[in-house]
Amino acid sequence: MVVAVLFGIYFVLSGWEAGMSLLYLWRPGDSTPSTSNNQPGLNLFTPIWEITNVFLVFGFTGLALLFNNVLIKLSHAVLSTLITGLVALIIRSTLVIYLFYYHGPNKIRPIAGKLFVLASLTVPMSFGLSGIYFISGQPFWRNSLGLSLAGVLLLSILSLALSFAYYFLPSTSSFLSQAKFKMYFISIAYCLSTAVGLQLVINRSGRTSLLGWPYDLFVLLVAAIPLVEIGLYLVSSGRLLWLYFSLLAVTSPALLALSNRPYLIYGRQTIVSAYGAEAYGKWLLIGMVALSPLIILGFILLIWLLITPLRENKKTSN
Amino acid sequence: MDRISAGRALTGDSLGYHLILVLFGVGLPVIISLLEFYGIVTKRPRAIALAHTWAKALVILFIAGAVSGTIVSLQFDLLWPKFMSFIGKTVGLAFALEGTMFFVEAIFLSVYMLSWKRVKPWIHWLIGLPVALGAIGSAVFITSANAFMNAPAGFKVNSKGQPYDIHITQEMFTRTMFNEVTHSILAYLLSTALVLVAVYAWLYRKKRHAADRIWMRKVIVGLLSLALVFAVLLGVTGDMSAQYLEKREPVKFAAMEGIEKTEKHAPLILGGIVSGNKIKDAVVIPGLLSFLADNNFYGEVKGLNITSSQYRPSLVVHYFFDGMVFADGLLVIVPLLFLLFNKFYRRWAWNRFSLHILVICGFLAVIATEFGWLVTELGRQPYIISGVMTVGDALTTSKSVIQLGFIFPTFFILLLIVTAVTLRKTMSHKEMKQL
């Protein structure tokens, strides 16, 4: 469950990064990207980027160490999918350094911005697609369950990215830009809720572990997107929908892992037989608890430092 | 290229690239922290501003390093699943704690960068301490895992090749770990200090104003003094490690020194050309290796013949070992001479020739660190965990590994070029003028 939540946090942060890349580097509706009035938001990119990678390493290392008995199967099944993500990761970091540190934010070439957006979406997609192996017991392209989950995953990441971008879109930006963003965002969110409904039909018709209450809860949470959206617009807080998508991203891997019980890899390996860290599980817990005050302090300071300039910027723009 | 060679090449390329960033990732936070402390205590805003410039460079290196570290971590899991499965059962705690310390470093580096000029100087310096702590901590834990690979201890293996009766403290905290950790961290600190010296020596040549030159001299002399301390300590730990290797990892030691047969009064072999199982045309000093290894000119030194030929590492290790020792020797002599010249014959120290030598030393320090790790890793071959698991046994069964052997190095080179060009811009004259 902890590993699933770590991956969930990774997806939220990845969505944030993808959203930022959409907003600052490739804004639909504007012919050229503009960042001059968004510098505070752009300055947050690097700190978030570092933490995102840490969560990825943490989640994957946790999985590999605690469930070391599945590594051989995992390596054989998802190597090519994960490698695509790793290559995208290198491309994206090259572009981060080039765009943010070398070139400067005001001289961005559109092609570099588009490539950056593509790489930002490819990385979490590749990890998510690899995760489908745990649910379906096969690489995602081998069966309808995997393919339908892949579709849901793509729409989820896009929704998360667009909801972040929509939240941070400055009120001073053009009407066309705002309207296009809103249109993209809403249509993809609605596609997502429809796709999950279709996915549920595929589950019921095939042999799958996704038939318990955790998956039903997941479906309910996704299907509720339109209702939540309408509710938020009624109280004039439509931009806050990113919070709901973040909640979905954090809880979804955990709910899917719960549905998959007692399996870690459906039909192939149970959680109990996959666990292989008996020798040091206790020591690991002690180490984590000992370091947790420092990590919590760091997070509190980081959030405070991140939020303060954003608030100041919002106040100024209002 | 066969699968094993592809797997080796892929991991070797990734680790070789990652190591360049690791040494700065460990060395820079420590040096930045020392500099900021010095600036606060002596009330020198220029020193604090310099620490800020170096911290910007650290962030760029950290971005590239975080990515290569992520890739290395995942490559281990994907390419060497049997190895990771074994390691996960035995010394996985070291990997987990390394990840946690990396977490601490990443969070506090973000806080450190965002809090410049937003909190009091002392508080800012305190925020920087967990960055250095996280950097050193992650280096300690990951090196302890490597020490386990070189000299596994604290467990038994059953007939299926699975570990049991595991004692985690005996696995992690060994003499091998102490030697590797101290030696490698000192190497990172030395390399970082000398690369910074190289950058300022290069920039010094272009500075014409006397005031700029005076403060740059202070920076170079300060860093060289620090580098000299690190270099001497590195020599001491290097000697301790070599003596210990001769006892605990005799095959690796024999490959490093090019000793084919076990003998008393063993010669020290310098240079030469590897030809099959022998080294030709080398400078041979009789008895000196016995003395260095055993403090006795007639002590016995084990040769490669103590193990069968299929379990021997290649003698190519000897090249890297000699290269590393030669470079480390220079890295003690050059800073010492430069500091002496600066004290007594100042004109000799600050001419173009001397400055170019300092620039070369920066490159040499990084190369020596790479060579050191090549000796450690190649000297253990064909094993991935010494005496327990071979590299061939640990590799994934997926055939994609062959194509991957070419893809990653290409992208790593691209990332390295962009990082280097951007760093050059960060350390440019414009930044310097702001100091």
Side-chain angles (χ1 to χ4, degrees), chain A residues 43-44 46-51 53-58 60-69 71-76 78-80 82-83 86-87 89-98 101-102 276-280 283-284 287-288 291 294-295 297-299 301-302 305-306 308-309, chain B residues 59-60 62-64 66-71 73-79 81-82 84-90 92-93 95-97 99-104 106-111 113-115 118 127 130 166 168 396-398 400-401 404 407-408 411-412 414-415 418-419 421-422 425-426:
Chain A
N43 287 342
L44 306 185
T46 312
I48 296 292
W49 159 274
E50 290 160 7
I51 309 276
N53 279 320
V54 171
F55 270 102
L56 177 60
V57 173
F58 231 44
F60 213 89
T61 307
L63 179 76
L65 294 176
L66 295 175
F67 301 106
N68 50 63
N69 290 326
L71 281 176
I72 296 164
K73 285 190 185 102
L74 194 65
S75 158
H76 193 81
V78 300
L79 185 67
S80 51
L82 277 177
I83 291 299
L86 294 185
V87 171
L89 198 61
I90 306 180
I91 293 171
R92 194 170 62 152
S93 69
T94 309
L95 286 167
V96 166
I97 294 171
Y98 172 74
Y101 290 91
Y102 181 77
E278 295 89 350
Y280 58 83
W283 288 102
L284 181 59
M288 301 287 270
L291 284 168
L294 195 60
I295 292 172
L297 174 69
F299 262 115
L301 285 171
L302 183 62
L305 287 164
L306 288 175
T308 313
Chain B
V59 170
I60 294 168
F62 195 87
I63 290 172
V67 167
S68 60
T70 306
I71 288 167
S73 161
L74 268 66
Q75 271 183 359
F76 270 113
D77 297 335
L78 296 168
L79 292 180
K82 288 176 193 167
M84 281 307 290
S85 180
F86 194 93
I87 284 281
K89 290 184 180 67
T90 49
L93 182 64
F95 278 88
L97 291 179
T100 313
M101 296 309 276
F102 176 52
F103 203 4
V104 170
I107 292 170
F108 278 91
L109 181 59
S110 299
V111 175
M113 292 313 291
L114 287 169
S115 58
R118 289 172 70 182
I127 289 170
I166 296 160
I168 193 75
T396 178
T397 49
S398 172
S400 312
V401 71
L404 301 175
I407 294 172
F408 277 95
F411 283 105
F412 273 133
L414 183 68
L415 180 57
V418 174
T419 308
V421 170
T422 311
K425 197 182 174 190
T426 308

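Fair warning: this is a prediction, and the values are worked out from it, not measured in the lab.
When heavy atoms are compared at a cutoff of 4.5 Å, Phe108(B) approaches chain A solely by way of its side chain, counted from C-beta outward. For Ile168(B), the part lying under 4.5 angstrom from a heavy atom of chain A is the side chain only. Contact annotation for Met113(B): neither backbone nor side-chain heavy atoms come within less than 4.5 Å of a heavy atom of chain A. Looking at Ser68(B), neither its backbone nor its side chain comes within 4.5 Å of chain A, counting heavy atoms on both sides. The contact between Ser73(B) and chain A is made entirely by side chain atoms (from C-beta outward), counting heavy-atom distances below 4.5 Å.
To the nearest 0.5 Å, atoms CD1 (Ile127(B)) and CD1 (Ile107(B)) are separated by 13.0 Å. Taken to the nearest 0.5 Å, the CE atom of Met84(B) stands 11.5 Å off from the CG atom of Leu79(B).
Nearest heavy-atom pair across Gly298(A) and Val111(B) is O-CG2, 3.5 Å. Here the shortest heavy-atom pairing between Ala96(B) and Thr100(B) reads O-OG1, 2.8 Å. Residues Leu86(A) and Ile71(B) come closest through the heavy atom pair O-CD1, 3.7 Å.
Heavy-atom pairs under 4.5 Å with chain B were tallied for Ile91(A), Leu301(A), Leu294(A), Leu82(A); the largest tally goes to Leu294(A).
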